[in-house]
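What follows is a single structure, written as structure tokens, with notes after it.
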Amino acid sequence: MKNYESGDYQAAVSKLITADSLYVKESGGMPMDSDYINYFLLPIAGLSDQPGDYATATRFGQKGVDVARQVYGERHPDYAVSLNNLAVY
């Protein structure tokens with residue numbers, strides 16, 4: 001059973017943060033693309049929110065906003081979605 005399916009959000013977040021660190025390292029810096037937002041930052045922020053780790057949720061949600069701003073610009077709908085996501089973490 002997967003960590004998040006069993007309710008072990010902290011273990012899932014820990015694995016996601018490890019994967020994020022490896023991805024950033026192997027990419028040569030913070031990737032600036034939608035895949036990075038969707039597959040790394042949003043899941044970390046969303047799962048961190050479940051057990052009440054709002055600091056981690058906010059940190060990764062803010063990274064999502066920063067990357068979305070760089071990738072899309074402030075007038076793009078996906079940037080607005082990233083702001084919305086940050087607001088709920």
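Here the side chains of F40 and D35 are not in contact, with every heavy-atom distance at 4.5 Å or above. Within the 4.5 Å cutoff, the side chain of L42 has no heavy atoms near those of the F60 side chain.
Annotation for A68 and S82: closest pair CB-OG, 3.5 Å, computed over non-hydrogen atoms. In terms of heavy-atom proximity, I44 sits nearest to V13 at O-CG2, 4.3 Å. Taking every heavy atom of both residues into account, Y79 and G73 meet most closely at CB-O, 3.3 Å. In this structure, I37 and P43 approach most closely via the heavy-atom pair O-CD, 4.2 Å. Nearest heavy atoms, Y54 versus D49: CE2-OD1, 3.0 Å. Closest non-hydrogen pair, A45 versus G61, comes out as CB-N, 3.8 Å.
Y39 and M30 fall within the same hydrophobic cluster, where Ile, Leu, Val, Met, Phe, Trp and Tyr residues are linked whenever their side-chain heavy atoms come under 4.5 Å apart, directly or through other members. Side-chain heavy atoms closer than 4.5 Å link hydrophobic residues (I, L, V, M, F, W, Y) into clusters, and following such links, possibly through other members, connects V67 to Y72. With hydrophobic clusters built from ILVMFWY side chains whose heavy atoms lie under 4.5 angstrom apart, V65 does not share a cluster with L47.
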Does the pair T56 and I17 meet the rule for a side-chain contact (heavy atoms from CB on, under 4.5 Å), with working shown?
CA-CA 10 Å; T56 300; I17 290 173; 4.2 Å; yes
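Rounding to the nearest 0.5 Å gives a distance of 14.0 Å between CG of L16 and OH of Y23. Taking CG of N85 as the start and CG of L41 as the end, the distance is 10.5 Å to the nearest 0.5 Å.
At a threshold of 4.0 Å, the pair D66-R69 counts as salt-bridged, since one of the basic side-chain nitrogens sits closer than that to a carboxylate oxygen.
In this structure, Q10 places its CD atom where only 12 or fewer heavy-atom neighbours from other residues, nucleotides or ligands lie under 6.0 Å away.
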